[in-house]
Amino acid sequence: RVMAAEWGYSPTNGPDVWARLFPQAGGARQSPVDICTSIASSDSNLEMKKLTFAYESQSDLRILNTGHGWKVEAPQSGSRLEGGPLGEDIYQLEQFHCHWGETSAEGSEHTVDGRAYAGELHLVHWNTTKYQSFAEAAQHPDGLAVLGVFFDVGNESNDEIEKIVSTLSEIKFKGQFTDIPDVIDPTTFLPSGLGYWTYLGSLTTPPCNECVIWIVYKEPITVTEEQLVQFRCLSACSGEAEEFIVKNYRPPQPLGNRALRECNA
Ligand SMILES: NS(=O)(=O)c1ccc(C(=O)N2CCc3cc(O)c(O)cc3[C@@H]2c2ccccc2)cc1
Ligand SMILES: [Zn+2]
C-alpha cells in the first residue's frame with residue numbers, strides 16, 4: 001500500500017488520519033496518554049515485585065534514520081527487564097529511539113497532568129519468555145514493554161545522548177545508517193529516581209499495535225537545547241529535498257477505563 005509508507009506527523013498524514021490506514025490506531029488501548037497523577041493508584045503489589053533491569057554495554061550499535069526519527073538497534077540477548085507490572089515474564093531490549101517537538105515546549109508523547117516535556121526516550125523490549133521474535137511479540141497484548149524517560153532541557157548535556165548526537169550528521173537522510181563507535185550503556189539513560197507509572201497501551205506509531213506494557217519514569221533526565229536542535233536537523237526524506245523531522249510525537253489518546261498504576265521505587 002503506497003499510503004502506508006507515507007504516514008507522518010503533518011496535518012495530511014499525521015495522527016488524526018492514522019486510523020484510516022491503520023485500524024488499530026482507533027482502538028481502546030492506545031498510547032500515549034495524559035498521566036493524570038490524581039487517578040494513579042499506588043498499587044502495593046507493584047512495590048512487592050520490584051522492576052529490575054540488567055543491560056550490557058555495547059559498542060558499534062547501528063543507528064538509523066527511519067524518516068520518522070533516529071533509532072538505535074540494540075538487540076541484547078543478555079539484557080533482562082522483569083518484575084513490576086511484567087508478571088513472571090522476561091523482556092529483552094530490542095531498540096531505543098526518541099520523540100521530540102519543534103520547540104522544547106513540547107515533544108514528549110506522554111504528558112503529566114497536561115504538561116508536555118521537551119522529548120521522550122523509548123527503550124523497547126519484547127517478551128522472550130512467551131514469544132520467539134519481536135515481530136511475533138508485537139501481535140500479543142503482553143508482547144512488548146517500553147520504558148519511557150522524559151527529557152527536560154537544562155545546561156548540562158547528557159553524555160550518553162551526546163554519543164547519539166555525534167553520529168547524526170552521518171545519517172542526515174532517511175534510510176541512512178551508521179555504527180556508534182562509543183560504548184553505549186542503556187542504564188545511563190535511566191533517571192536516578194526509579195518511580196514510574198504503568199498502564200496497558202500500544203505502539204505510538206503505526207501500525208499502533210495494542211501490545212505494549214508501558215512503564216513511564218516519573219523523573220526526567222536532562223538534555224541541552226543544542227542536543228534537541230541536532231535531532232531536528234534530521235531529514236525525513238532520502239533525497240536532496242530537505243524536510244526536517246522537527247516533530248515526531250503522537251498526542252495523548254483517551255485512557256478510557258484503563259487502570260493507571262504508580263510505583264514509587
Ligand atoms: N514509540 S513506541 O511505541 O515505543 C514504538 C515501538 C516500536 C515500534 C516498532 O518497532 N515498529 C513500528 C513502526 C515500524 C515501522 C517500520 O517501517 C518497520 O519496519 C517496523 C516498525 C515496527 C513494527 C512494525 C510492525 C509491527 C511491530 C513493530 C514503533 C514505535
Ligand atoms: Zn517511541
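Nothing fancy with the numbering, it's 1 onward along the sequence. Start at 1 and go down the list; that is how both ligands and their atoms are numbered. Heavy atoms only: backbone and side chains are in, while hydrogens, waters and symmetry mates are out.
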Trainee: If you scan the protein for heavy atoms around atom 6 (C) of ligand 1, do you find one that is closer than 4.0 Å?
Mentor: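 True for atom 6 (C) of ligand 1.
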Trainee: Shared ILVMFWY cluster between Ile35 and Leu51, side chains joined below 4.5 angstrom?
Mentor: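 No: no chain of side-chain contacts under 4.5 Å links Ile35 to Leu51.
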Trainee: Under 4.0 Å from atom 17 (O) of ligand 1, is there any protein heavy atom?
Mentor: no
Trainee: Listed by chain and number, what are the ring-ring contact (aromatic ring centres under 6.0 Å, His included) partners of Tyr91, not counting sequence neighbours?
Mentor: none
Trainee: For Thr205, take its heavy atoms, then give the atoms of ligand 1 lying under 4.0 Å from any of them.
Mentor: 12 (C), 13 (C), 29 (C), 30 (C)
Trainee: Check whether any heavy atom of His68 sits under 4.0 Å from an atom of ligand 1.
Mentor: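 No; His68 lies far enough from ligand 1 that no heavy-atom distance drops under 4.0 Å.
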Trainee: What protein heavy atom sits nearest atom 25 (C) of ligand 1, and how far off is it?
Mentor: Pro207 CG, 3.7 Å
Trainee: Using a 3.5 Å distance criterion without hydrogens, assess whether the side chain of Glu136 forms a donor-acceptor pair with backbone atoms of Gln132.
Mentor: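 Yes; judged by distance alone, with no hydrogens or angles, the pair exists.
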Trainee: Counting only heavy atoms closer than 4.0 Å, does ligand 1 sit against the backbone of Trp214, its side chain, both, or neither?
Mentor: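 Contact part for Trp214 vs ligand 1: side chain (C-beta onward).
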Trainee: Just by modelled atom types, is the Pro15 backbone N or O under 3.5 Å from a matching donor or acceptor in the Arg250 side chain?
Mentor: no
Trainee: Tell me whether atom 23 (C) of ligand 1 lies less than 4.0 Å from at least one protein heavy-atom position.
Mentor: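 It does not; no protein heavy atom is within 4.0 Å.
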Trainee: Ignoring hydrogens and geometry, is there a side-chain-to-backbone donor-acceptor pair from Asn65 to Ser235 under 3.5 Å?
Mentor: yes
Trainee: Strictly distance-based, threshold 3.5 Å: is any side-chain N or O of Arg232 a donor or acceptor partner for the main-chain N or O of Glu102?
Mentor: yes
Trainee: Tell me which N, O or S atom of His122 sits nearest to the Zn ion (ligand 2).
Mentor: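 For His122, the N, O or S atom at the smallest distance from the Zn ion (ligand 2) is ND1.
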Trainee: Which value, rounded to 10°, describes the NE2(His99)-the Zn ion (ligand 2)-NE2(His97) angle?
Mentor: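 The angle at the Zn ion (ligand 2) comes to 110°, rounded to the nearest 10°.
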Trainee: Is the closest N or O pair between Thr204 and ligand 1 shorter than 3.5 Å?
Mentor: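 Among all N and O atoms of Thr204, at least one is under 3.5 Å from an N or O of ligand 1.
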Trainee: Are the charged groups of Arg115 and Asp152 less than 4.0 angstrom apart, N to O?
Mentor: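 The answer is yes: the pair qualifies as a salt bridge.
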Trainee: Residue-level breakdown please: for Pro206 versus ligand 1, do any non-hydrogen atoms fall below 4.0 Å on the side chain, on the backbone, on both, or on neither?
Mentor: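 Under 4.0 Å from ligand 1, Pro206 contributes backbone atoms alone.
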Trainee: Can any side-chain N or O of Lys163 pair as donor or acceptor with the backbone N or O of Val183 at less than 3.5 Å?
Mentor: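 Such a contact is found between Lys163 side chain and Val183 backbone.
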Trainee: Would atom 28 (C) of ligand 1 count as contacted, meaning some protein heavy atom under 4.0 Å?
Mentor: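 Yes, there is one.
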Trainee: Is it the side chain (CB and beyond), the backbone, both or neither of Val146 that lies under 4.0 Å from ligand 1, heavy atoms counted?
Mentor: side chain
Trainee: Side-chain contact test, heavy atoms from C-beta onward, threshold under 4.5 Å: evaluate it for Tyr199 versus His110 and give yes or no.
Mentor: yes
Trainee: Given Leu144, Asn209, Leu203, which has its nearest heavy atom closest to atom 11 (N) of ligand 1?
Mentor: Leu203
Trainee: Determine whether Pro75 and Glu73 make a side-chain contact, defined as any pair of heavy atoms from C-beta on separated by less than 4.5 Å.
Mentor: yes
Trainee: Heavy-atom contact check, 4.0 Å cutoff: does Gln95 meet ligand 1?
Mentor: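 Checking ligand 1 against Gln95, which is what was asked, there is a heavy-atom contact under 4.0 Å.
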Trainee: Among all the protein's heavy atoms, is there at least one whose distance to atom 1 (N) of ligand 1 comes out below 4.0 Å?
Mentor: yes
Trainee: Within the side chain of Asn209, is there an N or O that forms a donor-acceptor pair under 3.5 Å with the backbone of Cys211?
Mentor: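 No; judged by distance alone, with no hydrogens or angles, the pair does not exist.
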Trainee: Okay, side chain of Gln30, backbone of Gln24: is any donor-acceptor separation there less than 3.5 Å?
Mentor: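 Confirmed, Gln30 side chain pairs with Gln24 backbone.
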Trainee: As an exercise, identify every atom of ligand 1 less than 4.0 angstrom from a heavy atom of His99.
Mentor: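 The atoms of ligand 1 under 4.0 Å from a heavy atom of His99 are 1 (N).
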Trainee: What part of His97 sits under 4.0 Å from ligand 1 if we count only heavy atoms: the side chain, the backbone, both or neither?
Mentor: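 Side chain only.
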Trainee: Against heavy atoms of Ala138, which atoms of ligand 1 measure under 4.0 Å?
Mentor: 27 (C)
Trainee: Starting from atom 20 (C) of ligand 1, what is the nearest protein heavy atom, named by residue and atom, and what distance separates them?
Mentor: Lys71 NZ, 5.0 Å
Trainee: Considering the heavy atoms of Phe134, write down every atom of ligand 1 situated less than 4.0 Å from one of them.
Mentor: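 Those qualifying, in numeric order: 10 (O), 28 (C).
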Trainee: Taking the six-membered ring for Trp, are His125 and Phe96 ring centroids under 6.0 Å apart?
Mentor: no
